[in-house]
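Along the sequence shown, residues carry numbers from 1. All heavy atoms count here, side chains included; hydrogens, waters and symmetry mates do not.
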Amino acid sequence: MVSMLVRDEVSIAQDGVEVVVARRQLTDLSNKVYFLDQAFNADARDVVEALCDRG
C-alpha cells in the first residue's frame with residue numbers, strides 16, 4: 001500500500017513493514033530497487049556490469 005503522509009513524504013507498507021520516503025529520495029530509491037530486482041532475476045555478473053556502466 002502506498003500512502004501520502006505529508007506533502008513531501010510517501011509511506012510504502014507491505015506485510016507489516018513500512019518505509020517512509022521523502023520526495024527528494026524517490027528517484028534514487030527507484031534506481032536502487034530496479035537494480036536490486038535485476039540482481040534477483042539475472043546473473044550477478046550482468047548486474048555488476050550494468051551498475052558499472054551506469055557511472
Using the side chain to side chain contact (heavy atoms under 4.5 Å, CB included) criterion, which residues pair with Leu29? Sequence neighbours excluded.
Val21, Val33
Co-membership, hydrophobic cluster, residues Val10 and Val19, 4.5 Å side-chain:
yes
Partners of Gln25 by side-chain hydrogen bond (donor to acceptor under 3.5 Å, both in side chains), sequence neighbours excluded?
none
Distance check, rounded to the nearest 0.5 Å: Asp8 atom CG versus Leu26 atom CG?
10.0 Å
